[in-house]
Amino acid sequence: MKITLLVPMYNEEESLPLFWEETQTVLQTLPDAQFEYAFVNDGSTDGTLAQLKELAQKNPNVKVISLARNFGKEAALTAGLLEAAKADAVIVLDADLQDPPSLIPAFVEKFKQGFDVVYGQRESRRKDSFLKRFTARGFYKFHNAIADRPLPEDAGDCRLLSRRAARAVLQLPERERFMKGLFNWVGFKTAAVPFAREARRAGETKWNYWRLWNFALEGLTASSTLPLRLWTYFGFAVSAFAFVYALWVAVQKIVYGNPVSGYASLMVAILFFSGIQLISLGVIGEYLGRVFMEVKQRPLYVVDEKINC
Ligand code: UDP
Ligand code: MG
């Protein structure tokens, strides 16, 4: 049985030695499987690539795919999958040891039992900040309320995919790749392994809140068109209200002869509905932007060099 560890790396020179050591220790406890590493260097600007090259030179089971610049984790994972899907299974791990390598034996065990997808489910986010926990929870709740296919809550990218599951993910042609959603979309027999997510061991996160917000938008627009449709219903509701209100105004004027007052109410109504219109345009724009990205048909990433592949 051949299993590839797929690890995206963006400026992880501090984490890499720790990651290597820990995974090596864990892999020694699994002698009946043959392990390989597929490291994707996502345009690191520090010593990550040099370190990876050194590792690859000493260890023929270390494959390195170096991208021409930073394309983002999603693209890096896709680049790595293409290489890693040659093995019987692929395990996706973060380099910072937040997805503990000690999960590997549990994943492999489930794989042997016949599961195609095994994902790590965070038992607690105690190590995350309050804001991160709150926003993550909000995202999953909202996403699952509107999405065609709900995401399992608190499942990261950390997971095992059988070869056919990995190939299925690679068949999805979209350029805007919300990997969690894609992994989830393909289906197959799926198991969850609970784990406690550690704090990042070294270096720092590359995801600030702005990036996370955009990531969340990507996830939402990728898995649901409900935000688009919502405005139709809202429009109907507003029109119905306007019709009733118009009748009321007419009756006031014609039957009772009351003067129709209202700078304040007019101003509020105009501003409110201008705002609503701009928001709905923005939502359409969001989707249009995605469509634009798709029709450009650009490659997801550019490979600079490959070692041991
Ligand atoms: N990563 C990447 N490209 C990027 C950002 C991140 O390949 O543009 C990798 C990073 O090296 C790490 C993983 O994705 O292995 C997770 O990143 P990070 O720990 O910064 O995210 P967090 O755990 O905070 O969500
Ligand atoms: Mg991390």
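Whatever order the structure lists them in is the order used to number ligands and atoms, beginning at 1.
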Atom pair CZ (Phe39) and OG (Ser44), whose distance is rounded to the nearest 0.5 Å
12.0 Å
Of the protein's non-hydrogen atoms, which lies at the shortest distance from atom 25 (O) of ligand 1, and what is that distance?
Trp207 CD1, 3.6 Å
Nearest heavy-atom approach of Gly72 to Arg211 is CA-NH2, 4.0 Å
Quick one: does Arg211 get a heavy atom under 4.0 Å from ligand 1?
yes
For atom 15 (O) of ligand 1, tell me which residue out of Gly43, Gly72, Pro8, Ala136 has the closest non-hydrogen atom.
Pro8
OE1 (Gln98) to the Mg ion (ligand 2) to OD2 (Asp96), nearest 10°, is 100°
Asn258-Gln252 side chain donor-acceptor pair, cut-off 3.5 Å:
yes
Is the distance between the ring centroids of Phe178 and Phe215 under 6.0 Å?
yes
So does Glu83 pair up with Lys86, basic N to acidic O under 4.0 Å?
yes
What protein heavy atom sits nearest atom 24 (O) of ligand 1, and how far off is it?
Thr205 OG1, 2.6 Å
Of all protein heavy atoms, the one nearest atom 14 (O) of ligand 1 is Lys73 CD, 3.3 Å
Charged N to carboxylate O below 4.0 Å: is that the case for Arg164 and Asp116?
yes
Looking at Asp96, which atoms of ligand 1 are within less than 4.0 Å of one of its heavy atoms?
19 (O), 23 (O)
Does Leu226 share a hydrophobic cluster with Tyr140, counting links as ILVMFWY side-chain heavy atoms below 4.5 Å and allowing steps through other members?
yes
Under 6.0 Å from the ring centre and within 45 degrees of the ring axis: does the NZ or CZ of Arg290 meet both conditions for the six-membered ring of Phe292?
no
Candidate pair Glu74 and Tyr301, rule side chain to side chain donor-acceptor pair (under 3.5 Å), full reasoning
CA-CA 10 Å; Glu74 314 294 301; Tyr301 53 84; over 6 Å; no
Give the residue, atom name and distance (to 0.1 Å) of the protein heavy atom nearest atom 3 (N) of ligand 1.
Asp42 OD2, 2.6 Å
The protein heavy atom nearest to atom 1 (N) of ligand 1 is Tyr10 CB, 3.8 Å
Numbered in order shown, the ligand 1 atoms found under 4.0 Å of a heavy atom of Glu12 are 10 (C), 11 (O), 12 (C), 15 (O)
So which heavy atom in the protein is nearest atom 23 (O) of ligand 1, and how far is it from that ligand atom?
Gln98 OE1, 2.6 Å
Hey, which atoms in ligand 1 end up nearer than 4.0 Å to a heavy atom of Met9?
7 (O), 11 (O)
Residue and atom name of the nearest protein heavy atom (relative to atom 20 (O) of ligand 1), distance in Å to one decimal:
Lys206 N, 2.8 Å
Give the numbers and elements of all ligand 1 atoms closer than 4.0 Å to a heavy atom of Ala95.
15 (O)
Residue, atom name and distance, where the atom is the protein heavy atom closest to atom 18 (P) of ligand 1:
Arg200 NH2, 3.4 Å
Hey, which atoms in ligand 1 end up nearer than 4.0 Å to a heavy atom of Asn70?
3 (N), 4 (C), 8 (O)
Check: Tyr37/Thr23 side-chain N/O donor and acceptor closer than 3.5 Å
yes
